[in-house]
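The next block holds one structure in the form of structure tokens; read it before the comments.
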Amino acid sequence: QTVNLLNVSYDPTRELYREYNEWFAQQWRDEHGQSVNIRQSHGGSGSQARSVIDGLDADVVTLALAYDVDALRQRADLIPADWQERLPGNSSPYTSTIVLLVRAGNPKNIQDWDDLVRDDVQVITPNPKTSGGARWNYLAAWGYALEEYGSEEAAFEFVEKVFANVPVLDPAARGATNTFVQRGIGDVFISWENEAFLAVEQLGRGQFEIVVPSVSILAEPPVTVVDANVDRKGTRAVAEAYLEGLYTDDAQRLAGKHFYRPSNPDIAAEFSDQFPDVNFFGIDDVFGGWDKAQNDHFNDGGHFDTILENIARNR
Amino acid sequence: MSELNTSAQATPVQLNRAAEWQRATEEPEWVRRSLIGIALAFLSAFLILPLLVVLVGAFEQGLGVWYAAVTEPDARSAIRLTLLVVAIVVPINVVFGVTVAWAVAKFEFHGKPFLISLIDMPFAISPVVVGLIFVILFGSQGWLGNWLSAHDLQIIFAVPGIVVVIAFGTMPFIARELIPLMQEQGKQEEEASLTLGASGLKTFWYVTLPNVKWGLIYGIILCNARAMGEFGAVAIVSGRIRGETNTMPLHIEVLYNEYMFTAAFAVSSILTGLALVTIAIKSTVEWLEQRTGVTA
Amino acid sequence: MSIRVDRINKRFNDFIAVDNVSLDLPEGQLTALLGPSGSGKTTLLRIIAGLEQADSGHIEFHGQDQTHEHVSDRGVGFVFQHYALFKHMTVFENVAYGLTVKPRRERPSKEAIRKKVMNLLELVQLDWTAHRYPAQLSGGQRQRIALARALAVEPKVLLLDEPFGALDAKVRAELRRWLRRLHDEIHVTSVFVTHDQEEALEVSDRVVVMNNGRVEQEGTPEEVYDHPANPFVYRFLGNVNLFHARVHEGTATIGDLSVPVPEHHDSQEQDALAYIRPHEIEVLASNESGDAIHAIVKSILVIGPSVRLELQTEHSKELIQAEMSKHQFRGLGLLQGDEAWLRPMQSKVFLQEDEAPAVSGS
Amino acid sequence: MSIRVDRINKRFNDFIAVDNVSLDLPEGQLTALLGPSGSGKTTLLRIIAGLEQADSGHIEFHGQDQTHEHVSDRGVGFVFQHYALFKHMTVFENVAYGLTVKPRRERPSKEAIRKKVMNLLELVQLDWTAHRYPAQLSGGQRQRIALARALAVEPKVLLLDEPFGALDAKVRAELRRWLRRLHDEIHVTSVFVTHDQEEALEVSDRVVVMNNGRVEQEGTPEEVYDHPANPFVYRFLGNVNLFHARVHEGTATIGDLSVPVPEHHDSQEQDALAYIRPHEIEVLASNESGDAIHAIVKSILVIGPSVRLELQTEHSKELIQAEMSKHQFRGLGLLQGDEAWLRPMQSKVFLQEDEAPAVSGS
Amino acid sequence: MTTLAPSSFLRSSRSRNVIPGFGITMGFSLLYITFLFLIPVGGLLLFTMTQSWDQFWRAISHPQVVASYRLSFGASLIGATINLVFGLLVSWVLVRYQFPFKRLVDALIDLPFALPTAVAGIALVTLYASTGWVGQYFHVYGIRIAYTQIGVVIALTYIGLPFVVRTVQPVLEDLESELEEASAALGASRLTTIRRVILPALMPALLTGYALAFARALGEYGSVVFISGNLPYLTEITPLLIVAKAEQYDYQGAAAIGTVMLLAAFVMLLVINGLQWWSTRRFSH
Ligand SMILES: Nc1ncnc2c1ncn2[C@@H]1O[C@H](COP(=O)(O)OP(=O)(O)OP(=O)(O)O)[C@@H](O)[C@H]1O
Ligand SMILES: Nc1ncnc2c1ncn2[C@@H]1O[C@H](COP(=O)(O)OP(=O)(O)OP(=O)(O)O)[C@@H](O)[C@H]1O
Ligand SMILES: [Mg+2]
Ligand SMILES: [Mg+2]
Ligand SMILES: O=S(=O)([O-])[O-]
């Protein structure tokens with residue numbers, strides 16, 4: 001008989017998991033003689049976590065950031081506290097970063113984060129309140145400014161200026177990509193690296209260029225089994241195998257193919273041509289972990305709300 | 001003036017030219033033309049152009065691509081789910097619409113205006129709020145969540161939840177078409193039928209129903225279209241499981257978010273096509289009926 | 001099938017629509033319920049049909065209590081003022097309806113239904129409209145179809161609510177003669193509602209005059225016309241002139257004229273009003289007998305075969321109307337402004353406290 | 001203001017609604033346009049008002065050509081069958097409407113408007129309704145308000161399209177007398193449309209009888225009633241009996257009875273029909289003079305003040321109707337089934353080829 | 001006899017009317033409304049009340065939320081007003097004039113009812129983005145439509161379009177031409193007749209259509225998210241904010257704002273039905 005597995009994921013992983021699911025199903029059948037049917041759900045990372053908390057029957061979640069996954073524990077006790085220790089690399093089988101996507105020939109001559117605060121530049125990013133990717137965007141910019149200008153105040157001011165240049169704030173990463181790519185709005189799109197590649201390689205060959213900023217954040221999209229659900233459904237084995245499979249060489253290559261940075265250094269090396277070197281900083285180092293970051297920046301009354309208020313006041 | 005008079009006298013039986021005289025209920029030709037022009041321009045901008053966008057988008061890359069997009073398994077499943085939901089929701093709403101219209105139109109009771117307002121409410125409630133309501137009620141963190149999971153009942157993120165929010169949002173359509181119609185019809189034909197010995201059910205079937213047939217069909221068409229097209233509420237309670245809980249509008253959004261614009265428009269074109277076909281059927285039949293002079 | 005209406009009461013909220021009405025409507029007769037608007041005619045008729053339930057009282061058909069029977073079991077034929085034909089059915093289907101909705105066991109065969117319907121359509125002289133829809137017929141034709149439809153189920157009694165009310169004068173006049181002839185042919189006990197006194201007098205075997213939910217008088221058309229029981233009926237059944245009079249011991253005096261009123265033989269010098277219809281006034285060019293009422297001719301109106309004079313007297317607030325044939329009028333040789341003398345040929349005197357409120361203005 | 005209708009033609013698609021009609025309507029008179037349904041009365045009235053355009057022909061008011069004037073400039077008052085009152089305005093606002101829409105220069109002051117409106121409302125005896133909405137009035141009251149509204153702008157001519165058509169019999173009878181009196185007071189040239197011949201005869205100074213878009217006859221009510229120009233007018237103005245007759249050199253023979261018909265003095269043994277109204281037939285209990293028509297009394301119907309007999313003779317396909325007063329009838333002492341003899345007091349003989357198609361059934 | 005009260009209640013409603021079926025139809029209707037509507041909506045209100053007044057007030061009066069009200073109400077008002085004007089014009093043209101393809105145009109009016117709002121949103125943004133079919137011509141003059149408040153207004157106009165037309169059309173069809181003729185005969189110009197006779201007669205229908213279009217626009221989500229820029233304080237509509245709150249696990253805040261929307265809708269409907277009741281009571285027989 002068939003096992004059903006539900007993978008609740010965030011927006012930009014669609015293409016990756018479509019291919020990985022096929023690979024895994026094949027693998028599982030070969031090894032266990034059992035067919036597995038993997039169902040996918042995609043959306044903004046936060047909204048997906050919310051659905052799982054409210055009862056969406058996910059066996060595994062593969063979200064954009066640890067905070068959203070941790071919400072499954074904090075709000076519904078679906079996973080144990082040590083969930084992030086269960087798999088290598090903070091449970092992130094692949095990583096990514098935030099880059100800048102500009103139009104072909106880089107007409108606005110955008111080279112680094114500093115160019116995003118120029119008056120003549122329009123910036124596209126989704127809304128950090130609802131999009132996981134956007135929170136990485138925000139934190140990347142903040143981290144850059146903190147390093148460059150040395151103070152929290154300066155970083156605040158910098159990020160405020162960036163968001164003051166944002167004309168459209170889509171709820172999720174994919175909407176923002178569409179806005180920049182399809183509708184031609186904005187001069188620079190702060191984007192997941194993988195989304196940026198997708199745009200350059202597939203959506204509009206020759207129409208876009210990737211600009212790698214001097215520093216950026218190391219984005220670790222984590223994965224986990226949803227213990228409460230798999231135990232109830234009796235799918236733990238296959239669910240765990242599904243996630244562990246992500247660390248196999250084949251899967252790591254798939255991740256690379258879909259422009260995620262493989263966590264396995266050997267496989268990563270195979271893709272070194274594809275991924276430029278970036279000066280990374282990590283969320284734990286700069287922001288003291290996701291909980292604190294979320295609390296300081298994104299929760300109601302956090303820095304981001306103040307930034308929005310300031311922008312509205314100055315407009 | 002004098003010239004006109006003399007010519008009139010010279011040939012007294014000349015035909016009066018229409019241009020010299022303005023009918024009391026009509027506007028001058030130029031006003032008429034401009035009004036038609038403005039109205040058509042407005043409708044083109046707001047109705048025809050979006051329609052064209054969908055159709056052009058759908059067929060831009062040829063019929064083959066269109067066909068592939070609408071027969072792809074996820075699309076098929078979205079279509080199937082949508083039709084399933086419609087097949088549940090529309091009949092329930094027909095029954096509700098007909099019964100509530102019967103009660104409201106044929107009987108006097110206290111609180112009638114209040115009841116009518118209640119029926120109207122879903123028109124005005126944001127779909128988003130509707131979705132939220134059912135998450136709060138049936139979500140696993142919600143009030144009935146524990147009980148539901150204890151009994152292994154899945155409402156939201158499954159077909160029942162989608163059915164419920166769509167039924168909620170489309171509740172007024174049929175009732176609102178029928179109530180004024182039945183009120184206007186009055187009770188005399190029903191009374192006539194009863195005096196002729198017919199039972200209540202026969203009276204309803206042979207007399208009431210044929211009289212409100214077109215209102216009912218129109219209501220069904222609208223209810224059906226709305227049920228197929230409901231987005232905001234479904235987006236919140238569906239869980240967006242590909243091939244499983246994605247209705248057509250959600251599937252369209254998925255496709256759009258996967259940069260498959262042609263496919264998105266192709267699936268949209270099915271919904272649009274269904275809407276157009278039902279609208280076309282409705283007006284053809286109306287026209288036929290007018291021509292045979294049953295209503296005059 | 002005779003109809004017995006026994007102490008029927010009906011109120012709507014606080015309004016008494018039918019007030020303790022009892023009636024016996026004999027078998028095979030055509031009875032008119034006549035009364036002004038709002039007098040409760042429709043309500044009473046609907047109670048007889050079972051379309052409305054009385055608050056108290058009984059309805060019997062041929063001695064059988066019907067009070068608790070449902071309308072669909074009473075076997076009444078009901079004809080509505082606005083026809084209430086089924087718009088979406090052809091004339092044929094309309095007339096056949098009552099037969100086709102019978103339970104299967106009692107339902108006649110298709111052929112039998114067809115025959116019966118065509119017979120009825122012939123009866124109402126509209127067999128050629130069988131395949132039309134009601135919308136394609138004139139008002140008068142529709143009303144005849146409504147009648148045929150009611151007759152198709154062979155009702156025990158036929159009830160008609162202002163059947164000609166929606167039709168125009170000429171068609172109405174034709175149709176009422178037609179109804180009379182039809183009734184003479186089929187002889188089913190019938191009750192019809194009207195507020196047109198001419199219609200009631202011309203068509204019916206019996207007239208029931210209603211006012212304010214009560215029966216004011218009932219009897220044959222001649223009885224109620226010639227001997228109205230009270231001022232209301234007097235006024236309601238036609239134009240009437242009012243003269244001031246004094247009544248003393250069985251004699252009423254209007255000016256010089258004395259009229260015997262034996263019914264008031266015990267009155268003493270009481271103010272009264274004499275009711276006299278326009279055609280019951282004899283108009284004289286000279287006061288030969290010396291006991292006529294003096295008047296001045298104010299206007300002369302020739303209406304087809306008859307002539308109406310308006311005359312001024314001292315004994316009436318308003319102008320007195322007198323009617324006569326053109327022939328008679330020519331004999332008088334009166335002109336506008338001339339003097340004339342009036343002598344009532346027939347009259348009815350009501351003491352002042354008797355007088356009912358005037359029939360409403362319009 | 002006199003009205004002149006000059007060779008007006010109007011067709012709707014292929015249907016000729018008004019067929020070369022010319023009329024002169026004298027100043028200050030009340031003219032009735034009388035005719036069956038579809039005869040073009042409304043169309044003609046609307047052409048006079050300027051609500052419809054004639055295909056050819058002219059309309060003149062007091063010698064001034066109006067053919068190309070817009071309705072709002074013709075200064076006509078128009079009263080519609082269904083009142084056409086403005087529902088969202090009070091009675092006062094309705095009547096004031098025509099004054100308030102005048103261009104500022106011509107518009108009377110507020111106070112003047114108020115006065116005028118209240119005067120008009122008094123004229124139609126409805127000043128107490130000023131602040132009501134039309135929905136709160138009865139049909140008859142609404143029609144009087146419609147009239148007041150039309151009069152407020154002091155129209156040169158007043159046009160009324162079946163003003164009483166929507167009212168019930170009793171109210172209609174009252175309102176037409178009221179209209180007559182009103183017209184006698186204000187004397188504005190008026191045309192009103194009706195298909196009720198009694199209404200036309202009673203109210204108007206002149207009657208224009210129309211049929212199939214043409215004028216069949218015009219004249220005073222007495223002229224058209226007493227001397228109908230053709231069989232159509234004869235039938236249309238009231239009940240009529242038809243007798244088979246033969247006409248030879250100025251004499252018509254019905255059975256034993258000879259009637260002089262000088263207008264047919266050159267006819268030779270021609271088949272003809274004699275038209276005789278029910279009240280123009282003298283009914284005798286015995287054939288004393290020997291020249292009456294033999295008949296059998298088939299039915300006797302007492303309708304209020306008069307009695308209608310239906311009699312069978314050999315000289316008419318249908319039953320003959322005779323009418324007389326109850327008084328006369330009593331003198332005859334006839335019973336159903338008795339023999340009787342008929343003698344026409346007045347009649348009109350039309351040769352067979354003259355006969356117009358019968359007035360339609362209903 | 002102990003059950004006298006309820007049974008006599010049922011009897012009394014039946015005795016007034018020989019038409020059968022009151023009990024069963026009324027019963028089913030009430031049941032359906034209760035389960036599908038009253039209980040859920042009551043649930044939302046109860047849920048809202050589980051928070052303190054302070055919490056509630058803070059949630060609904062946050063400046064960002066207030067800004068979204070301003071946009072939602074403002075754009076809905078403008079959209080409904082545009083629909084009022086053009087809806088009247090369109091129904092006038094459809095009822096009074098003849099032109100080619102009239103039936104087709106008439107049928108198309110229902111399209112916004114029928115087209116899924118997401119599709120509408122995507123189609124509208126395709127049209128009105130600065131690269132879009134229409135938007136590009138405005139772009140030349142520096143006018144942006146999509147992603148601005150104008151875009152929101154356009155989406156809300158689109159989805160409310162049928163309401164005014166479909167409420168006004170039947171009234172206009174039934175309007176007796178005699179009223180206009182009477183007005184003309186009394187000397188009024190065409191414009192005066194329209195202003196003083198026709199418009200007042202259409203007013204109840206216009207208001208109903210206006211209120212329905214407004215109420216519907218207020219809650220609209222699917223089509224707007226695509227075409228509005230969703231910028232907080234600027235182009236963020238209230239329903240989006242409700243969604244955003246829910247996504248951040250703040251159900252109480254979402255419910256609080258949802259309750260405000262619910263009450264607004266309820267007030268709208270009360271106004272509509274009140275107007276109708278008032279006008280039928282006053283002007284119709
Ligand atoms: N369903 C009802 N609810 C309240 N009042 C009613 C109802 N039906 C009738 N009435 C009132 O009862 C009274 C009698 O009405 P009914 O219809 O019997 O009069 P009618 O004699 O037929 O008058 P008309 O000649 O106008 O038809 C009227 O005053 C009417 O307003
Ligand atoms: N607008 C129109 N289009 C087509 N035919 C019309 C129109 N108006 C009137 N007619 C036709 O013209 C003929 C005369 O109509 P009109 O209304 O003048 O008759 P009428 O004498 O007033 O009849 P009624 O007594 O029924 O009102 C009728 O056969 C009618 O069908
Ligand atoms: Mg009645
Ligand atoms: Mg007419
Ligand atoms: O899918 S996102 O959460 O990155 O928007």
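Just so it is clear, the model here is predicted, and its values are computed rather than measured.
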- Message: Quick check for you: among A:Arg75, A:Gln294, A:Gln48, which has the greatest number of heavy-atom pairs under 4.5 Å with chain E?
- Response: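 Maximum pair count with chain E is reached by A:Arg75.
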- Looking at A:Ile311, A:Val168, A:Asp54, which has the largest count of heavy-atom pairs under 4.5 Å with chain E?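 Maximum pair count with chain E is reached by A:Val168.
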Ignoring hydrogens, what is the shortest heavy-atom contact between [X] and [Y]? Give both atom names and the distance.
X	Y	value
A:Gly46	E:Tyr249	O-OH, 4.0 Å
A:Arg315	E:Pro232	NH2-O, 3.5 Å
E:Leu231	A:Val166	CD1-O, 3.4 Å
E:Ala129	A:Arg183	CB-CD, 3.7 Å
A:Gln182	E:Thr131	O-OG1, 3.9 Å
A:Pro171	E:Leu240	CG-CD1, 4.3 Å

- Top contributor to chain A interface from E:Leu234, E:Val225, E:Asp250 [non-hydrogen pairs under 4.5 Å]: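 Option with the greatest count: E:Leu234.
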Toward chain E, the part of [X] with a non-hydrogen atom under 4.5 Å:
X	result
A:Ser47	both
A:Asp68	both
A:Thr179	both
A:Phe298	backbone

Should we say atom [atom1] of [X] is surrounded by more than 12 heavy atoms from elsewhere, each under 6.0 Å from it?
X	atom1	result
E:His62	NE2	yes
E:Trp57	CH2	no
E:Phe138	CZ	no
A:Asp119	CG	no

- So how far is it from A:Lys129 NZ to E:Gln64 CD, rounded to the nearest 0.5 Å?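 Result: 6.5 Å between the selected atoms.
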Chain A contact via [X] - side chain, backbone, both or neither, heavy atoms under 4.5 Å:
X	value
E:Thr148	neither
E:Tyr251	side chain
E:Val125	both

- Apply the test side-chain contact (heavy atoms from CB on, under 4.5 Å) to residues A:Arg313 and E:Tyr233: give CA-CA distance (whole Å), side-chain angles for both, the deciding distance (0.1 Å), then the verdict. CA-CA 9 Å; A:Arg313 193 164 333 109; E:Tyr233 295 97; over 6 Å; no
- Derivation of the side-chain contact (heavy atoms from CB on, under 4.5 Å) call for E:Gln248 and A:Thr130: CA-CA 7 Å; E:Gln248 290 175 279; A:Thr130 46; 5.6 Å; no
